[in-house]
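Down below is the structure, laid out as structure tokens.
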Amino acid sequence: QVQLVESGGGLVQAGGSLRLSCAASGPTFRPYAMAWFRQAPGKEREKVAGITWVSGKTIYKDSVKGRFAISKDNTKNTLWLHMNSLKVEDTAVYYCAARRNPSPTIVEYDFWGQGTQVTVSS
């Protein structure tokens with residue numbers, strides 16, 4: 001089965017930068033789209049950024065626009081999230097996810113990584 005493994009989380013000062021990586025397993029990995037989600041303690045999980053696998057169309061949560069950038073390498077089955085100008089409120093567990101169904105109406109993600117902790121200190 002598909003496995004997603006995140007890395008790159010850690011502790012960073014406010015205003016700093018961090019890059020998260022997500023490696024997908026297997027040669028049969030063929031998603032329609034991938035995305036980064038995050039969840040802080042006591043809060044709902046939220047989608048931070050998404051990207052279609054072939055066309056590279058991107059979408060971002062309003063609060064991270066201009067600060068975060070999602071990117072990919074299809075040949076390496078790798079997804080990144082470049083985070084700049086980090087704020088304390090960005091502190092959360094970050095998850096990468098993938099979906100195979102290209103439906104524009106059903107946007108459920110099928111596969112999830114284990115998460116990586118990002119902590120931003122003031």
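The shown structure was predicted, so the numbers you read here are calculated from the model rather than taken from an experiment.
For the pair L86 and F68, the minimum side-chain heavy-atom distance is below 4.5 Å.
Residues I70 and T58 share a closest heavy-atom pair of CG2-CG2, 3.8 Å. Here the closest heavy-atom approach between residue L4 and residue C96 is recorded as CB-SG, 3.6 Å. Scanning all heavy atoms of the two residues, the minimum distance from W53 to P31 falls at CB-O, 3.4 Å. A92 approaches Y94 most closely through the heavy-atom pair O-CD1, 3.4 Å. Considering all non-hydrogen atoms of both residues, Y32 and N101 come closest at CD2-O, 4.0 Å.
Of the possible donor and acceptor atoms, one in the side chain of E6 sits under 3.5 Å from a partner among the backbone N and O of Q114.
Scanning for salt bridge (Lys or Arg N to Asp or Glu O under 4.0 Å) contacts around K87 gives an empty result, with sequence neighbours left out. For T52, the side-chain hydrogen bond (donor to acceptor under 3.5 Å, both in side chains) partners are S55, not counting sequence neighbours. Listed by chain and residue number, nothing satisfies the salt bridge (Lys or Arg N to Asp or Glu O under 4.0 Å) test with D73 (two or more places apart in sequence, or in another chain). Residues meeting the side-chain hydrogen bond (donor to acceptor under 3.5 Å, both in side chains) test with N74, sequence neighbours left out: K72. For A23, there are no side-chain contact (heavy atoms from CB on, under 4.5 Å) partners, not counting sequence neighbours. Annotation: side-chain contact (heavy atoms from CB on, under 4.5 Å) contacts of T105 (sequence neighbours excluded): S103. Applying the side-chain contact (heavy atoms from CB on, under 4.5 Å) rule to Q3 yields the partners S25; only residues at least two apart in sequence or on another chain are considered. Listed by chain and residue number, E46 satisfy the salt bridge (Lys or Arg N to Asp or Glu O under 4.0 Å) test with K61 (two or more places apart in sequence, or in another chain). S85 is linked by a side-chain hydrogen bond (donor to acceptor under 3.5 Å, both in side chains) to nothing, counting only residues two or more places apart in sequence or in another chain.
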Output side-chain donor-acceptor pairs under 3.5 Å for residues 10-21, partner residues at least two apart or in another chain, one line each.
from : atom 1 : to   : atom 2 : distance (Å)
Q13  : OE1    : S121 : OG     : 2.4
S17  : OG     : N84  : OD1    : 3.0
S21  : OG     : W80  : NE1    : 3.3

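Between atom CE of residue M34 and atom OG1 of residue T78 there is a gap of 8.5 Å, rounded to the nearest 0.5 Å. Within the model, atoms CE of M83 and CH2 of W36 stand 8.0 Å from one another, a figure rounded to the nearest 0.5 Å. With values rounded to the nearest 0.5 angstrom, S71 atom OG is found 7.0 Å from L79 atom CG. In this structure, CG on D90 lies 7.0 Å from OG on S63, to the nearest 0.5 angstrom.
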Step-by-step side chain to side chain contact (heavy atoms under 4.5 Å, CB included) determination, E89 to V120: CA-CA 8 Å; E89 50 263 45; V120 184; over 6 Å; no
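Through direct or indirect side-chain contacts shorter than 4.5 Å among Ile, Leu, Val, Met, Phe, Trp and Tyr, Y109 is connected to F37, V93, Y95, V107, W112.
Sorted by first and then second residue, the salt bridge (Lys or Arg N to Asp or Glu O under 4.0 Å) pairs with a member in residues 91-108 form an empty list; sequence neighbours excluded.
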